[in-house]
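Heads up: the structure comes next, in structure tokens.
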Amino acid sequence: MNKLCVTFLSLALGVPALAHARDDKTPSLPEATAAKTAAGASIAASASATITVSDQDALGDDILSVINLPIAAADAREAGVDEAELKEALDTTRDSGLSAGDAGEIVAVEAEQTRSRGVKKGFGRWVRLQVAAGLRGKKLAAKIKERKQDTGEFDEKQLADLREKLEKQRELNKQWREKLRERQGELLTKGKKRVLLHEDRNEKFKAKLDAGKAKNSENHDALELRMRALDQRIADAAEADKAALQAEKDRLEKALKHNEKVGDKLDKAEERADKREDRLEKREDRLDKVDDKKGDHPKDGHPPALDHDPGKAHHKGPKPKPAD
């Protein structure tokens with residue numbers, strides 16, 4: 001089967017849930033004690049006064065990064081990013097309170113950069129360092145493009161230091177999300193409109209699906225032609241040659257069946273993509289109606305059915321299906 005079809009199937013059919021699988025070398029953040037909680041609250045309270053959210057951030061709608069996260073993760077793996085590194089990166093974004101949209105953007109940019117500059121080892125560890133330093137969203141995605149070196153293993157002291165910083169950062173990210181929703185509500189009340197982000201990347205994902213379907217159809221036609229030619233050869237062959245020709249026909253029939261299965265899966269992937277588009281359009285219609293009602297906005301700026309805040313169904317993709 002053509003490599004393009006194999007490649008796209010890994011994207012179209014989704015990936016295993018990465019958010020809850022952990023590497024033993026990267027333990028999750030421990031449950032905060034009462035003392036740590038109080039200390040974190042104190043830090044967050046003082047930091048909250050200095051947190052500012054730009055209008056661009058407040059109005060940016062990253063739902064496409066959310067719904068395309070499983071595809072972005074599979075794309076990164078196809079580009080050469082190690083699956084364990086993806087797990088560690090996504091665990092970090094979740095544990096530190098970043099959104100699924102942030103996670104989707106980080107993974108998508110890493111896939112793009114890996115293809116252009118090659119694999120850099122330690123992506124998951126690198127993400128932990130950057131998030132612990134307070135980066136998120138566009139700044140973190142931009143930092144990925146500047147990365148030149150591998151990131152080595154952490155020693156115990158470094159791990160302990162990172163855990164402490166990430167605990168503090170989790171509270172600060174919570175404060176930032178609250179500020180973002182507050183500013184978003186103010187802007188929507190003034191008649192401002194949300195801006196859908198990452199449409200170009202979404203179009204590229206759809207183009208891959210179209211290319212995969214086109215190649216699959218091309219392969220099917222070629223196999224059919226070979227099958228018809230082989231049938232004629234078998235009919236004209238001497239008896240002594242027919243066994244070898246029949247064996248070749250059996251191989252072609254097997255390849256044809258496999259090609260048809262791939263086509264069926266690509267068709268289902270296209271159906272899912274169409275459903276996502278329909279869901280997105282309905283969501284946009286609902287949000288437009290909400291935006292038109294000044295002062296009557298959802299608290300988080302998004303309908304509950306598509307909430308992509310970290311505390312909810314974070315970093316989950318469609319259930320994986322076994323590949324043939």
Side-chain angles (χ1 to χ4, degrees), residues 19-20 22 26-63 65-66 69 87-107 109-110 123-147 151 154 157-187 197 298-302 307-315:
H20 303 290
R22 298 189 171 280
T26 57
S28 61
L29 303 184
E31 291 296 325
T33 62
K36 286 182 179 178
T37 301
S42 175
I43 292 171
S46 59
S48 177
T50 65
I51 293 174
T52 58
V53 176
S54 70
D55 291 359
Q56 185 178 21
D57 284 336
L59 293 174
D61 188 344
D62 62 359
I63 186 61
S65 279
V66 177
L69 174 56
K87 292 176 183 177
E88 183 174 353
L90 292 179
D91 283 342
T92 297
T93 60
R94 181 195 60 192
D95 289 347
S96 61
L98 296 182
S99 72
D102 283 331
E105 176 68 359
I106 291 166
V107 171
V109 173
E110 177 64 13
F123 171 60
R125 294 187 291 274
W126 183 87
V127 169
R128 284 174 77 84
L129 285 170
Q130 305 309 314
V131 174
L135 293 184
R136 68 169 76 85
K138 294 190 296 292
K139 289 183 179 179
L140 179 51
K143 193 78 172 177
I144 293 174
K145 299 176 183 179
E146 301 173 6
R147 186 180 177 218
T151 303
F154 300 136
K157 184 178 182 302
Q158 288 173 314
L159 283 172
D161 182 54
L162 279 173
R163 282 194 292 268
E164 183 177 349
K165 288 180 178 179
L166 287 169
E167 283 182 41
K168 294 175 182 177
Q169 199 59 47
R170 176 169 52 193
E171 188 62 34
L172 292 174
N173 285 332
K174 178 182 176 182
Q175 294 282 340
W176 189 86
R177 292 196 309 275
E178 290 172 354
K179 288 279 188 179
L180 183 142
R181 287 193 291 266
E182 179 183 323
R183 182 56 182 158
Q184 183 183 76
E186 293 170 356
L187 292 171
L197 304 176
K299 215 173 182 186
D300 62 358
H302 298 286
D307 193 337
H308 48 280
D309 268 0
K312 304 227 174 165
H314 186 44
H315 303 175

When rounded to the nearest 0.5 Å, the distance separating CD of Gln169 from OG of Ser96 is 7.0 Å

Do Arg163 and Glu167 sit within salt-bridge range, that is, some charged N less than 4.0 Å from a carboxylate O? no

Across all chains, not counting sequence neighbours, the salt bridge (Lys or Arg N to Asp or Glu O under 4.0 Å) partners of Lys138 are Asp57

For Leu129, the side-chain contact (heavy atoms from CB on, under 4.5 Å) test, sequence neighbours excluded, returns Thr151, Phe154, Leu162

Residue set satisfying side-chain hydrogen bond (donor to acceptor under 3.5 Å, both in side chains) with Glu186, at least two apart, ordered chain then number -> Arg183

d(Leu166 CG, Asp91 CG) to nearest 0.5 Å is 11.5 Å

Ala103 and Leu90 have their tightest heavy-atom pair at CB-CD2, 3.6 Å

Residues at least two apart in sequence or cross-chain that pass side-chain contact (heavy atoms from CB on, under 4.5 Å) with Lys174, listed by chain then number, are Glu171, Arg177, Glu178

Residues passing the side-chain contact (heavy atoms from CB on, under 4.5 Å) test with Leu59, sequence neighbours excluded, are Leu187, Leu188, Lys192

Applying side-chain hydrogen bond (donor to acceptor under 3.5 Å, both in side chains) to Lys165 and not counting sequence neighbours gives Asp161

Here the pair of heavy atoms bringing Val53 nearest to Leu180 is CG2-N, 3.7 Å

Rounded to the nearest 0.5 angstrom, the CH2-CG distance for Trp176 and Leu98 is 9.0 Å

Between the main-chain N or O of Arg136 and the side-chain N or O of Asp102, is there a donor-acceptor pair closer than 3.5 Å?
no

CD of Gln175 to OG1 of Thr50, rounded to nearest 0.5 Å, is 10.0 Å

Scanning both residues in full, the closest heavy-atom pair of Gly101 with Ser65 reads O-CB, 3.5 Å

For Leu69 and Gly104 the tightest heavy-atom approach is CD1-CA, 3.6 Å

Between the CD1 atom in Ile106 and the CH2 atom in Trp126, the distance rounded to the nearest 0.5 Å is 8.0 Å

Residues Asn173 and Gly97: closest non-hydrogen pair is CB-O, 4.0 Å

